[in-house]
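Right, one structure below, let's go through it.
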2 protein chains.
Amino acid sequence: MAQPHELRERGLRLTPQRELVLAAVRELDHATPEEIAEKVRQTHPGINLSTVYRNLETLENVGLVQHNHLGHGGASYHASEEVAHLHLVCGTCGSVGDAPIEAALNFVNSLSEEYGFRTDVSHFAVYGTCAVCSQAELS
Amino acid sequence: MAQPHELRERGLRLTPQRELVLAAVRELDHATPEEIAEKVRQTHPGINLSTVYRNLETLENVGLVQHNHLGHGGASYHASEEVAHLHLVCGTCGSVGDAPIEAALNFVNSLSEEYGFRTDVSHFAVYGTCAVCSQAELS
DNA sequence: AGACCACTTGCAAATGATTCGCAGATCTAC
DNA sequence: GTAGATCTGCGAATCATTTGCAAGTGGTCT
C-alpha cells in the first residue's frame, strides 16, 4: 500500500468527519468550534457539533491542531503547521491583529531567565487597544 | 452628613450586598465570581449569585474593580487599587505566578512603536510552563 | 469477500457558567 | 414619611461544552 495517511500515522482512524474537521481548521485559521462546524456543514450538513468538539480534542492530542484564547470567551483553533505568531486583540473593537513571535523574544527570554518560566506567547492573546481605536479615543 | 462614600460618589446606591462584594474582591484578589459569592456568603448567606455578577459588572463600570483572564475558562476579578502585575499561568500544573509589569516594558513599548498597539499586559494571562514543571519534564 | 471489535458518530440530555425578566424590597431625595 | 428609581432574589433562559448510549464504520485478520 502507498503512503500512510497523516491521521493513520498517529493512530487515528480515518473518518470523513475527522478529515473534514482538520481541513476546516487548516483553511479557516483562528476559528471557534462553532465556525468550524459551520464550515464543515457547508459540504456535509449532517455533521454533529459534538463530533467537531471531539475531533478537535483528538486532533489536539496528536498535535495536529492547537487552540488558543483570543476573545473573552471560548477557544479558537488553528493548525500546528501554521507559523506561530502573536495575537493582538483589541478590547475596544474586537479586532485580532498579528505580530511575529520575535517581537516578544526579549520578553520571553527575560521571563525565562528571571523566573524560569517558559512562555508560550501564542497561546493567549495579547490584550490592549489597537492603533485605530487608540486614535479614535483622542478625539 | 459626613464623608461621602466611595460608592455613592460614583452614583451608585449603597447597599449591603454591594459593599460586601467590593470588600470580598479586595480581600480575595484574583477571585472568580463563584469564589466571591462564597466569600460573601460566609457572613451573609442570603446573597444571590446573580447579584454578585451584577455588582461585579457595576463596580467594573465605575472603575472600582477590573477583571482579567487567567485560566482557560472564566474571568477573575481584582480591585483597581491593587498594583498591576503580570500573571504567569502554568499550563501544566495550573499555578498562577506574579511578575512585575516592568518585565514586559520593552515588549509593550515595541508593540506600541511598531504596531501602534497599546497593550494591557495584566488583562490576559501570560501562558507557559512554570519552573517547577519545566524541571519535572526533563526527568 | 466476510466477520469481528474497538473506535466513532449522532442524538439527546446533562452540565456549568453567566444572563435575563420580573415582582417585591430598599435606598435617596424631597 | 412618601414617591420613584434602583437593587435584590428567584427562577427560568441562554450559551458553550461535555457526556451517555445505541447504532454505524474502519481496519485487521482470515
Side-chain angles (χ1 to χ4, degrees), chain A residues 1-25 30-41 43-62 64-65 67-77, chain B residues 1-25 30-41 43-62 64-65 67-77:
Chain A
M1 282 276 292
Q3 351 90 296
H5 189 283
E6 62 182 334
L7 292 175
R8 309 229 45 235
E9 274 178 342
R10 294 166 214 249
L12 296 181
R13 285 225 187 134
L14 190 49
T15 69
Q17 294 84 333
R18 197 161 278 169
E19 288 184 287
L20 286 163
V21 168
L22 181 53
V25 170
H30 297 164
T32 63
E34 201 74 42
E35 290 164 345
I36 292 164
E38 202 173 315
K39 174 81 187 171
V40 170
R41 286 192 184 122
T43 53
H44 296 71
I47 290 181
N48 199 282
L49 230 198
S50 35
T51 300
V52 173
Y53 275 102
R54 280 187 288 226
N55 276 326
L56 287 172
E57 192 185 325
T58 306
L59 293 171
E60 182 154 32
N61 285 338
V62 300
L64 284 171
V65 309
H67 77 272
N68 54 31
H69 298 270
L70 302 185
H72 278 198
S76 58
Y77 287 81
Chain B
M1 281 270 294
Q3 349 93 293
H5 190 284
E6 61 180 337
L7 293 175
R8 307 229 49 232
E9 274 180 340
R10 293 164 214 251
L12 297 181
R13 283 217 189 144
L14 191 50
T15 69
Q17 294 84 333
R18 196 161 278 169
E19 288 185 286
L20 287 163
V21 168
L22 180 53
V25 171
H30 297 162
T32 63
E34 201 74 44
E35 290 164 343
I36 292 165
E38 204 173 315
K39 174 82 188 171
V40 170
R41 286 193 185 125
T43 52
H44 297 70
I47 290 182
N48 200 284
L49 231 197
S50 31
T51 300
V52 173
Y53 275 101
R54 279 186 290 224
N55 277 325
L56 287 172
E57 192 185 325
T58 306
L59 293 171
E60 183 154 32
N61 284 338
V62 299
L64 284 171
V65 308
H67 77 271
N68 54 31
H69 298 271
L70 303 185
H72 279 197
S76 59
Y77 286 81

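Each chain gets a letter, A, B and so on, in the order the sequences are listed, and its residues count up from 1.
The OH-C1' distance, from Tyr77(B) to dA17(C), rounds to 12 Å in whole Å. In this entry the distance linking CG of Asn48(B) with P of dT19(C) reads 14 Å, nearest Å. Look at CD on Glu60(B): it is 13 Å from P on dT18(C), rounded to the nearest Å. The separation between Leu56(B) atom CG and dT18(C) atom P is 10 Å, rounded to whole Å. To the nearest angstrom, P of dG10(C) lies 10 Å from CG of Leu20(A). Separating the OH atom of Tyr53(B) from the C1' atom of dT19(C) is a distance of 9 Å, rounded to the nearest angstrom. The CG-P distance, from Asn55(A) to dC7(C), rounds to 15 Å in whole Å. In this structure, the CG atom of Leu49(A) is 13 Å from the P atom of dA12(C), given to the nearest Å.
Contact annotation for Thr32(A): no contact, since no heavy-atom pair falls under 4.0 Å across all strands. Among the atoms of the strands shown, base atoms are found under 4.0 Å from some heavy atom of Arg54(B). Residue contacts for Thr58(A): at a heavy-atom cut-off of 4.0 Å it reaches no nucleic acid atom on any strand shown.
For CD of Gln17(B), the number of neighbouring non-hydrogen atoms (other residues, nucleotides, ligands) closer than 6.0 Å is greater than 12.
In terms of modelled atom types and a separation under 3.5 Å, the side chain of Glu60(A) and the main chain of His67(A) share a donor-acceptor contact.
Ile36(A) contributes atom CD1, which lies 12.0 Å from atom CD1 of Ile47(A) (distance to the nearest 0.5 angstrom).
Once you apply a 4.0 Å limit to the heavy atoms of chain A, the touched nucleotides of DNA chain D run 5' to 3' over dA16(D) to dT28(D).
Along DNA chain C, the nucleotide closest to Pro16(B) and the one closest to Glu57(B) are compared, and the more 5′ of them pairs with Glu57(B). If Ile47(A) and Ser50(B) are placed on DNA chain C by their nearest nucleotide, the residue sitting closer to the 5' end is Ile47(A).
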Could you list all N or O pairs between the protein and nucleotides 28-30 of chain C that sit under 3.5 Å apart?
from    : atom 1 : to       : atom 2 : distance (Å)
dT28(C) : OP1    : Arg8(B)  : NE     : 3.4
dT28(C) : OP1    : Leu14(B) : N      : 3.1
dT28(C) : O3'    : Arg8(B)  : NH2    : 2.9
dA29(C) : OP1    : Arg8(B)  : NH2    : 3.3

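Fit an axis to the five pairs at each end of the helix from dA1(C)-dT30(D) to dC30(C)-dG1(D) and the two axes sit 30° apart, to the nearest 10 degrees.
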